[in-house]
J.: 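After the structure tokens below, expect a handful of questions from me.
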Amino acid sequence: MINLKHTRRALLTGFVAVAALLPLGAAQAKEAAPAPKMWVITDADSTVYLYGSFHILKADTQWKTPALDKVFNSADTLYLEVPNVDDQAAAGALVQKYGIDPTGSLLKPYTPEEQKLIRDTYAKYGLNIDQLVMLKPWLASLMLVLKQMQTEGFDPNLGVDKTLLAAARAKNLPVKGLETMEDQMKLISQDVFGEESKALLDTVKEDANVKAQFTKLLTAWQTGDIKGMEVLMIDEMKTKTPKMYEAVMVTRNRNWVQPIKDVLAGSGTQMIVVGAGHLAGPDSVQALLKKEGIKVELYDYQSAK
């Protein structure tokens, strides 16, 4: 789902693609190749897998492996950030509730020169910013990011979350959420950080480098480069928009600790899938779980074959 980090990076890592049962179809990576990282938590009667998602992908992105199939097919429940990530009706209603600014002041924080840059960049992707002034900065940013990513071949319907959600429904696997869609939109819509307008302008200024940024981030995730993910996502966000980082990443990570502990208190095998950015850096979900005395281990794809 939506987590406004820098919007682009967050969207890539906090939109349904397949309707078939696992194995998960085409573009399946060889087991020996690097793969997105996954962690495992066990106790006497529970096994919980924690997998980092990329929310929007290309059709030829290789991320599905036999070991991931095995984990998915062993799960009694699939947990996502939100369980209805593909519910467009619910998302549309929430956008109307949390994404509209009736004052139409989207462009007011910017200088005339910055406004021209914003107009020109949006126009490059077929968007008229003057017709979007009733949107809040997070929603205007999201619209630009989606257009940028679609231009580079990314598809909102091919992300990990929607792919696994469709596969879960196809086999009647229960799907639950760590939070609600409204929780997310309510958070990013609150103009309490003083950083949303800056994030929009940064997204515009980074347009010339968008392809290189997409490629670096996708490669880091796809190859399981944890440090690379931290540098590309977490470090920059902490530096440029620290209040947003604290609210959108750290607070949500903390909020997920108790639900995960509750899952562990039960029994059986569960799979939890959250944006990969939430599993990178010193404030990651697994780091917070470790502080609670919970042993979290990196999943060994090779030994799992």
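Quick note: numbers below take in every heavy atom, side chains included, and nothing from hydrogens, waters or symmetry partners.
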J.: For S53 and V273, which heavy atoms make the closest approach, and how far apart are they?
T.: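 Shortest heavy-atom contact: CB-CG1, 3.6 Å.
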J.: Flag the pair Y122 / N128 as yes when at least one side-chain heavy-atom distance between them is below 4.5 Å, and no otherwise.
T.: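 No, side chains not in contact.
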J.: Grab the two heavy atoms, one from D283 and one from N253, that are nearest each other, plus how far apart they are.
T.: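 Smallest interatomic distance, heavy atoms only, reads O-ND2, 2.9 Å.
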J.: Within the distance-only criterion (no hydrogens, no angle test), does the side chain of Q115 pair as donor or acceptor with the backbone N or O of Y110 below 3.5 angstrom?
T.: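 Answer holds: yes.
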J.: Judged by atom type as modelled, is there a donor-acceptor pair below 3.5 Å linking the side chain of Q148 to the main-chain atoms of D207?
T.: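 Such a contact is absent between Q148 side chain and D207 backbone.
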J.: Once you round to the nearest 0.5 Å, how far does CE of M233 lie from CG of D235?
T.: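 M233 CE to D235 CG: 11.0 Å, rounded to 0.5 Å.
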J.: Would you check if the side chain of Q286 reaches a backbone N or O of L279 as a donor-acceptor pair within less than 3.5 Å?
T.: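 Yes.
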J.: In Å, rounded to the nearest 0.5 Å, how long is the span from CD of Q150 to OH of Y125?
T.: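 If we round to the nearest 0.5 Å, Q150:CD and Y125:OH are 11.5 Å apart.
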J.: With side chain to side chain contact (heavy atoms under 4.5 Å, CB included) as the test, would you mind laying out the steps for L289 and W39 before giving the verdict?
T.: CA-CA 12 Å; L289 288 169; W39 288 260; over 6 Å; no
J.: Does the E152 side chain pair with the main chain of K211, one donor and one acceptor, at a distance under 3.5 Å?
T.: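 Such a contact is absent between E152 side chain and K211 backbone.
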J.: For a salt bridge (Lys or Arg N to Asp or Glu O under 4.0 Å) check, start with the C-alpha distance between R119 and D130, then their side-chain angles and the critical distance, and finish with the verdict.
T.: CA-CA 8 Å; R119 283 192 178 89; D130 292 303; 2.8 Å; yes
J.: Where is the tightest heavy-atom contact between V248 and L187, given as atom of each residue plus distance?
T.: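 In terms of heavy atoms, the two residues are closest at CA-CD2, 3.9 Å.
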J.: Would you mind telling me which of L264, T47, V263 makes a side-chain contact (heavy atoms from CB on, under 4.5 Å) with I41?
T.: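 Single side-chain contact (heavy atoms from CB on, under 4.5 Å) partner of I41 among L264, T47, V263: L264.
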J.: Roughly how far, to the nearest 0.5 Å, is CG of L78 from CZ of F72?
T.: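 Rounded to the nearest 0.5 Å, the CZ-CG separation comes out at 6.0 Å.
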J.: Using the salt bridge (Lys or Arg N to Asp or Glu O under 4.0 Å) rule, take R169 and D86 through it: C-alpha gap first, then chi angles, then the decisive distance, then the call.
T.: CA-CA 12 Å; R169 287 175 176 164; D86 63 335; 2.5 Å; yes
J.: Which pair of non-hydrogen atoms, one from A276 and one from W221, has the smallest distance, and what is that distance?
T.: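 Heavy atoms only, the tightest pair is CB-CD1, 3.6 Å.
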J.: In terms of side-chain heavy atoms, does W256 have a donor or acceptor partner in E179 at a distance below 3.5 Å?
T.: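 Side chains of W256 and E179: pair found under 3.5 Å.
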J.: So, taking the atom named CG in L117 and the one named CD1 in I129, what distance separates them when rounded to the nearest 0.5 Å?
T.: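 One finds 11.0 Å between CG of L117 and CD1 of I129.
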J.: Considering the options R252, R254, K238, which one meets the salt bridge (Lys or Arg N to Asp or Glu O under 4.0 Å) requirement together with E246?
T.: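 One option only clears the test, and that one is R254.
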J.: What's the spacing between I260 CD1 and I272 CD1 if we round to 0.5 Å?
T.: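 Interatomic distance, I260 CD1 to I272 CD1, rounded to 0.5 Å: 4.5 Å.
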J.: Say whether, by atom type as modelled, one donor and one acceptor occur between the side chain of D225 and the main chain of G228 under 3.5 angstrom.
T.: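 Yes.
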J.: Is there a side chain to side chain contact (heavy atoms under 4.5 Å, CB included) between L142 and L144? Walk through the geometry before answering.
T.: CA-CA 5 Å; L142 178 60; L144 177 60; over 6 Å; no
J.: Apply side chain to side chain contact (heavy atoms under 4.5 Å, CB included) to residues L68 and M271 and explain how you reach the verdict.
T.: CA-CA 10 Å; L68 181 62; M271 184 176 187; 3.5 Å; yes
J.: Without swapping roles, check the side chain of T219 against the backbone of K216 for a donor-acceptor pair under 3.5 Å.
T.: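 Not at all, since once roles are kept as given, no pair shorter than 3.5 Å links the two residues.
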J.: Taking all non-hydrogen atoms of both residues into account, name the closest pair between P259 and L178 and its distance.
T.: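 For P259 and L178, the tightest heavy-atom pair comes out as CB-CD2, 4.0 Å.
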J.: Report yes or no: do L218 and V231 belong to one cluster of Ile/Leu/Val/Met/Phe/Trp/Tyr joined by side chain heavy-atom distances under 4.5 Å?
T.: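 In one cluster: no.
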J.: I'd like to know whether K198 forms a salt bridge (Lys or Arg N to Asp or Glu O under 4.0 Å) with D202, so could you lay out the CA-CA distance, the side-chain angles of the two residues, the decisive distance to 0.1 Å, and finally the verdict.
T.: CA-CA 6 Å; K198 181 181 185 302; D202 285 345; 2.9 Å; yes
J.: Would you confirm whether S46, through its side chain, and T42, through its main-chain N or O, come within 3.5 Å as a donor-acceptor pair?
T.: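 Side chain of S46 to backbone of T42, a donor-acceptor pair under 3.5 Å: no, none is there.
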J.: Measure up the Y299 and Y49 rings against each other and bin them: parallel (under 30°), tilted (30 to 60°), perpendicular (over 60°).
T.: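 Answer is perpendicular, since the angle exceeds 60°.
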J.: Are L173 and V160 in one and the same hydrophobic cluster, where Ile, Leu, Val, Met, Phe, Trp and Tyr link if side-chain heavy atoms are under 4.5 Å apart?
T.: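 Looking at the clustering, V160 is in the same group as L173.
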J.: Mind listing the closest non-hydrogen atom pair of P174 and D76 along with its distance?
T.: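 Heavy-atom minimum between the residues: CD-O, 3.4 Å.
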J.: Just by distance, do the side chain of K37 and the backbone of G224 share a donor-acceptor pair under 3.5 Å?
T.: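 Flag set: sc K37 to bb G224 pair under 3.5 Å.
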J.: Could you state the interatomic distance from OG1 (T121) to NZ (K147), rounded to the nearest 0.5 Å?
T.: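 NZ of K147 is found 15.0 Å from OG1 of T121.
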J.: Should we say atom NZ of K58 is surrounded by more than 12 heavy atoms from elsewhere, each under 6.0 Å from it?
T.: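 Yes, NZ of K58 has more than 12 neighbouring heavy atoms, counting only those of other groups under 6.0 Å.
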J.: So does P36 get a backbone contact from the side chain of Y301, meaning a donor-acceptor N/O pair under 3.5 Å?
T.: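 Checking the backbone N and O of P36 against the side chain of Y301, a donor-acceptor pair under 3.5 Å is found.
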J.: Should F214 and F154 be marked as a side chain to side chain contact (heavy atoms under 4.5 Å, CB included) after you check the CA-CA gap, both sets of side-chain angles, and the distance that decides it?
T.: CA-CA 10 Å; F214 287 172; F154 288 85; 3.8 Å; yes
